[in-house]
Amino acid sequence: MRFRVSQELRQPFGTEFDLELRQRRLFLDDDAALKDLEGRAVLLRTDRGLLVSVRARAQVLGSCSRCLSPAESAIEIDFQEEFIPVVDPVSGKHITAEESEASFVIDENLMLDLGEPLRQYALMSSPSKPLCRPDCAGLCPTCGANLNEGPCPCPPQSDDRWQALAALNTKDREGR
Ligand SMILES: [Zn+2]
Ligand SMILES: [Zn+2]
């Protein structure tokens, strides 16, 4: 998601610009991607560069934390970051190494790349345990079958509370 901001950087401080954001796919990391990103960015010319405020929504594509099938979660991405040009087109001032480490930069072609901050903030607002559906039955711990597709041949699993109770019962019996 790259935008040319040569005109924006030549405007006086305090000038605001609106950008429409629309991206069908944006890869986040090895096994996650954003789908149908839609939103707006407001660019404010500052004395150092552009202060970018982004408000967007998208679907995160990942894998279900219970059954590993594809899972989609709706997220909102909301952030504000200052982007500093490597070389200011008006003053010709070069960025210092310190500044380039601490902030996002606009490259020497005056292209502003929203891909990296979008990735970072999308990962932050992604659910840590995504589900393919709220009532996902998960995989059988014994045979690995996907229990959403129906029961597996293993004996039925009791839930943890019953297992704890059963263990107590066994202890009782052994104690006698
Ligand atoms: Zn699932
Ligand atoms: Zn099984």
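Whatever order the structure lists them in is the order used to number ligands and atoms, beginning at 1. This is a predicted model, so every value here is computed, not measured.
- Once rounded to the nearest 0.5 Å, the distance linking CD1 of Ile106 with CZ of Arg4 reads 12.0 Å.
- Between Leu37 and Leu26, the closest side-chain pair of non-hydrogen atoms is not below 4.5 Å.
- Taking CG of Leu43 as the start and CG of Leu112 as the end, the distance is 6.0 Å to the nearest 0.5 Å.
- For the Zn ion (ligand 1), the count of nearby protein N, O or S atoms, meaning those under 2.8 Å away, is 4.
- Panel note: side chain Arg2, backbone Asp113; no donor-acceptor pair is recorded below 3.5 Å.
- Panel note: side chain Asp107, backbone Asn109; a donor-acceptor pair is recorded below 3.5 Å.
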List the atom pairs, with distances to 0.1 Å, where a side-chain N or O of residues 129-137 and a protein N or O form a donor-acceptor pair under 3.5 Å, not counting sequence neighbours.
from: Arg133; atom 1: NE; to: Asp135; atom 2: OD1; distance (Å): 3.0
from: Arg133; atom 1: NH2; to: Asn148; atom 2: OD1; distance (Å): 3.3

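- Atom CZ of Arg40 has more than 12 neighbouring heavy atoms from other residues, nucleotides or ligands inside a 6.0 Å radius.
- Distances shorter than 2.8 Å separate the Zn ion (ligand 2) from the protein N/O/S atoms Cys140 SG, Cys143 SG, Cys152 SG, Cys154 SG.
- At distances below 3.5 Å, at least one donor-acceptor pair connects side-chain atoms of Arg45 with backbone N or O atoms of Gly49.
- Scanning for ring pair (Phe, Tyr, Trp, His ring centres under 6.0 Å) contacts around Phe3 gives an empty result, with sequence neighbours left out.
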